[in-house]
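The block underneath contains the structure these notes are about, expressed in structure tokens.
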Amino acid sequence: MGLDAKIMIEVLYGPRYDDPWKGHPHEGGFPAVTTRLLVIQLWKHHYIHGFMCERNDAAHECRAIELEESTLVALETQLKKWATDPEAFRPCPKQWWGAFFGVRPGEEGFEEERDYHRKEATHVAKQIRKARKYMKKMNDKYGNDLHKPTYYAVYEASW
């Protein structure tokens, strides 16, 4: 048990009037209405959780929240800075801190846990950039087609 969060690309398939489910993925003979693609899975990453909660309090209610591109760019930028500056990303504020979120600031082992996440920061930033480029490419691919699938990012936490 602990903070388990994911950043995902969600694909919402648009309606098709000639054949409503043509072009949609199917599984077990059933058409998909939405699908999710995993960008990155984060365990006990209270830094990113706090970042998300500051922008949308519903992130702390274990609901998927849609992420604006500006939020993804800000997170990517902050993660890159954090890789070289341990003070560039602050821990999750107490109001959104939950049991099993990891070692709290001031407790033994806090710096070690922080540095573990910092080592992963560049990789997480690259995954976010890759997801942003993919969503743009796929959304541009269909142009103004009214029935196109829509690609957007979501953050969802659980514990």
Side-chain angles (χ1 to χ4, degrees), residues 2-85 88-93 96-98 101-102 114 116-159:
L3 174 60
D4 180 16
K6 297 172 184 74
I7 297 175
M8 299 169 283
I9 296 171
E10 198 162 88
V11 185
L12 175 63
Y13 299 99
R16 308 237 28 119
Y17 298 111
D18 55 343
D19 179 359
W21 307 109
K22 180 181 177 185
H24 292 229
H26 283 69
E27 186 170 323
F30 301 101
V33 175
T34 61
T35 57
R36 285 184 167 178
L37 310 172
L38 181 63
V39 174
I40 194 85
Q41 183 144 10
L42 307 159
W43 288 281
K44 294 188 179 182
H45 207 309
H46 60 83
Y47 292 89
I48 290 177
H49 184 69
F51 177 93
M52 294 300 180
C53 290
E54 286 174 348
R55 283 147 182 82
N56 187 334
D57 195 52
H60 193 61
E61 298 170 12
C62 296
R63 294 195 326 234
I65 60 163
E66 189 172 339
L67 303 174
E68 300 289 329
E69 182 172 357
S70 60
T71 300
L72 292 171
V73 170
L75 178 58
E76 179 184 338
T77 302
Q78 196 154 352
L79 285 164
K80 287 179 188 175
K81 288 179 188 175
W82 195 41
T84 58
D85 178 6
F89 215 152
R90 66 187 185 110
C92 183
W96 295 303
W97 192 285
F101 272 31
R114 178 201 62 201
Y116 168 78
H117 289 300
R118 285 184 55 231
K119 286 178 189 173
E120 298 294 316
T122 302
H123 170 70
V124 175
K126 285 180 183 178
Q127 285 299 104
I128 291 168
R129 183 175 55 252
K130 182 178 174 182
R132 284 190 311 104
K133 288 181 178 184
Y134 179 73
M135 289 183 295
K136 179 172 179 12
K137 177 181 119 181
M138 296 308 290
N139 284 325
D140 289 349
K141 176 181 175 180
Y142 295 99
N144 294 324
D145 180 357
L146 185 61
H147 311 293
K148 69 180 181 176
T150 304
Y151 292 75
Y152 54 93
V154 296
Y155 170 83
E156 187 173 33
S158 64
W159 47 85

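Of all heavy-atom pairs between E54 and P93, the closest is OE2-CG, 3.9 Å. Summarising the geometry of V154 relative to L67, their closest heavy-atom pair is C-CD1, 3.9 Å, with the distance given to 0.1 Å. Here the closest non-hydrogen pair linking K80 and A125 is CG-CB, 4.0 Å. Closest heavy-atom contact between R118 and A83: NH2-O, 3.2 Å. Residues S158 and C62 come closest through the heavy atom pair CA-SG, 3.7 Å. In this structure, G102 and W97 approach most closely via the heavy-atom pair O-CZ2, 3.6 Å.
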Which donor-acceptor pairs under 3.5 Å do side chains of residues 127-138 form with protein atoms, sequence neighbours excluded?
unit_1, atom_1, unit_2, atom_2, d
Q127, NE2, V39, O, 3.1
R129, NH1, E76, OE2, 3.2
R132, NE, E76, OE1, 3.1
R132, NH1, E69, OE2, 3.1
R132, NH2, E76, OE1, 3.1
K136, NZ, D140, OD2, 2.7

**Request:** Step by step, work out the side-chain contact (heavy atoms from CB on, under 4.5 Å) result for I40 and H123.
**Result:** CA-CA 9 Å; I40 194 85; H123 170 70; 3.7 Å; yes
**Request:** Carefully, step by step, assess T35 and Y13 under the rule side-chain hydrogen bond (donor to acceptor under 3.5 Å, both in side chains).
**Result:** CA-CA 8 Å; T35 57; Y13 299 99; 3.0 Å; yes
**Request:** Check step by step if side-chain contact (heavy atoms from CB on, under 4.5 Å) holds for L12 and Y152.
**Result:** CA-CA 8 Å; L12 175 63; Y152 54 93; 4.0 Å; yes
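When side chains are defined from C-beta on, N56 does not count as touching T71, because their heavy atoms never get closer than 4.5 Å. Between P91 and Y47 there is a side-chain heavy-atom pair separated by less than 4.5 Å. The shortest side-chain heavy-atom distance between I48 and L79 falls under the 4.5 Å cut-off. Annotation: side chain of E156 is in contact with side chain of R36 (closest heavy-atom distance under 4.5 Å). For the pair L75 and F89, the minimum side-chain heavy-atom distance is below 4.5 Å.
For E61, the salt bridge (Lys or Arg N to Asp or Glu O under 4.0 Å) criterion is met by R63, not counting sequence neighbours.
Taking CD from E120 and NZ from K126, the interatomic distance works out to 11.5 Å, rounded to the nearest 0.5 Å. Y151 contributes atom OH, which lies 5.0 Å from atom OH of Y142 (distance to the nearest 0.5 angstrom). The CE atom of M52 sits 4.0 Å away from the CD1 atom of I7 when rounded to the nearest 0.5 Å. One distance of note links NZ of K148 with NZ of K141; it measures 12.5 Å at 0.5 Å rounding.
Classified by interplanar angle (parallel below 30°, tilted 30° to 60°, perpendicular above 60°), the ring pair H49/H60 is tilted.
Between F101 and W96, the distance separating the two ring centers is not shorter than 6.0 angstrom.
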